[in-house]
Number of protein chains: 2
Amino acid sequence: MEGTEQVDAPVSGKAESILAAATRTFLADGFGAVSMDTIAREAGVSKATVYSHFTGKEELFGAMVGRVCERHFETFSARELDPTDVRTSLTTLGRRFLDLVLSPDAIAVHRIIVAEVSRFPALGEVFWRAGPERTLGQIEAFLRRAVAAGSLEIAQPRIAAEQFVGLIRGENHLRHLLRLGPESDKSDIGDAVRVGVETFIRAFRVRAG
Amino acid sequence: MEGTEQVDAPVSGKAESILAAATRTFLADGFGAVSMDTIAREAGVSKATVYSHFTGKEELFGAMVGRVCERHFETFSARELDPTDVRTSLTTLGRRFLDLVLSPDAIAVHRIIVAEVSRFPALGEVFWRAGPERTLGQIEAFLRRAVAAGSLEIAQPRIAAEQFVGLIRGENHLRHLLRLGPESDKSDIGDAVRVGVETFIRAFRVRAG
DNA sequence: GTCTATACAGTGATAGAC
DNA sequence: GTCTATCACTGTATAGAC
């Protein structure tokens, strides 16, 4: 197992547990509220060991964000969806999208990035490319296939993809970010997706005659 | 002028300048990065004076958020729009909405609230009621008038209002939050509104026959 | 109410022994 | 490489004079 680390993964097991501890604590409490002492204790090592593996708090933070973004969004795909059955495919797509962006991990990452992008300007770009850009690209590609199959009429698929995510998201994302209400449960998510898909199809369906 | 303070405004002039200083610094740098020393210096008073007017940093922060939310969103209105000319009215509405949520102040408030809602759970509710709920209510009311005037066909105006803001917003809000690119200028905002309104109208226009 | 001065806790980061 | 002990520093909060 010693030779099978993933790319970018630290060689040492201690570095790995430090990064894991940093991920847990940063995501839970943000950058400012977490101390290097806490991370060291949580990782079961001394503070000096943390500094021997990472230049400082900022580098540790950046490493954690990059990794979480990559791992979290890389699963999103629309490649296998059927472009001739747009209602079913868009519903699946919308469901995947909402499940992804409303997941506790994604909410935590979003929260911390938005808060710290002023301190770490590079973070915005990293997150955008790992998350939203990737999902938008997948959705746009599917819409192009649907247009080619004659299932939809869309002049600007890129913009339509952005409208699709906006439509599906509504204020659900914001409600989660604000920790409102009894966390819209699974059935609410299903409703939001269904009604969003219906609206999208009404706007972009192929016009009769 | 001494007797014309607005409701909720502190009686003392110093308290007012403390709150103003807190607003500037908190919005610029977030909760954690701002010290009471900075606020005192910025307000031109001593630190002890700050503590004489506010229990501590947290109360000062809460007071600032409540006030900024109220003052910022209370201008949004859709009451005077013509429900028979939906394209023009929705474009105006969408434009007002985007101008509001993409303004530097709104972005700063959003950023700081999303970041600190874990520490101050009440903040989410305060923000939601002062901002999104109010704008959604205005939009919903306009949509109901448009339906009554026979200009649109909408079964659930509340949900349609949420879809409208999602459609107009797309990823523009996120791009601003992440500080990406050369800050989509005014013409981009205009395009986003126009194309969003077109899509909304295609989905909810009155069907012929 | 307002100020100056200060006690106190906790932070990021490092030195030196093993 | 890893630890314990400690550095210099910053921010919160309070005491006491005016």
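Numbers restart at 1 for each chain; the letters A, B, ... are given by sequence-line order, proteins then strands.
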In whole angstroms, the gap separating P of C/dT2 from CZ of B/Arg41 amounts to 19 Å

On the nucleotide C/dG1, are OP1 or OP2 found under 4.0 Å from the side-chain N or O atoms that B/Thr49 carries? no

Next item on the list: Give a yes or no answer on whether the side chain of B/Arg87 reaches the backbone of B/Val197 with a donor-acceptor pair at less than 3.5 Å.
Entry: no

Practice task
Tell me whether the OP1 or OP2 atom of C/dT2 has a side-chain N or O from B/His53 closer than 4.0 Å.
Solution key: yes

Among D/dG11, D/dT6, C/dA15, the one nearest any side-chain atom of A/Lys47 is D/dT6

note: A/Tyr51, atom OH; D/dC7, atom P; distance rounded to Å ~ 17 Å

- Message: Given 3.5 Å as the limit, does a donor-acceptor pair link the side chain of A/Ser151 with the main chain of A/Pro83, or not?
- Response: yes

Looking at the rings of A/Phe97 and A/Phe164, which for Trp means the six-membered one, are their centres under 6.0 Å apart?
no

task = Just call it for B/Lys57: base, sugar-phosphate, or nothing, with non-hydrogen atoms closer than 4.0 Å on any strand.
result = sugar-phosphate

Using a strict 4.0 Å threshold on nitrogen-to-oxygen distance, state whether A/Arg144 and A/Glu140 make a salt bridge.
yes

Sorted by position of nearest nucleotide on DNA chain C, 5' first, the leading residue of A/Ala48 and A/Gly32 is A/Gly32

Rounded to whole Å, CG of A/Asp37 lies from P of D/dT4 at a distance of 12 Å

Presence of B/Ser46 side-chain N/O under 4.0 Å of C/dC3 phosphate oxygens OP1/OP2:
yes

note: B/Phe54, atom CZ; D/dA13, atom C1'; distance rounded to Å ~ 17 Å

With heavy atoms under 4.0 Å as the rule, sort A/Ser35 into base, sugar-phosphate or nothing.
sugar-phosphate

Quiz item: NA contact type, A/Val34, heavy-atom cut-off 4.0 Å: base, sugar-phosphate, or nothing?
Solution: sugar-phosphate

Rounded to whole Å, CE of A/Met36 lies from C1' of D/dT6 at a distance of 17 Å

From CD1 of B/Ile39 across to P of D/dT10 the rounded distance in Å is 17 Å

task: Please determine if a side-chain N or O atom of B/Lys14 lies less than 4.0 Å away from the OP1 or OP2 oxygen of C/dC3.
output: yes

Checklist entry - Relative to the ring of A/Phe61, is the ring of A/Phe31 parallel (under 30°), tilted (30 to 60°) or perpendicular (over 60°)? => result perpendicular

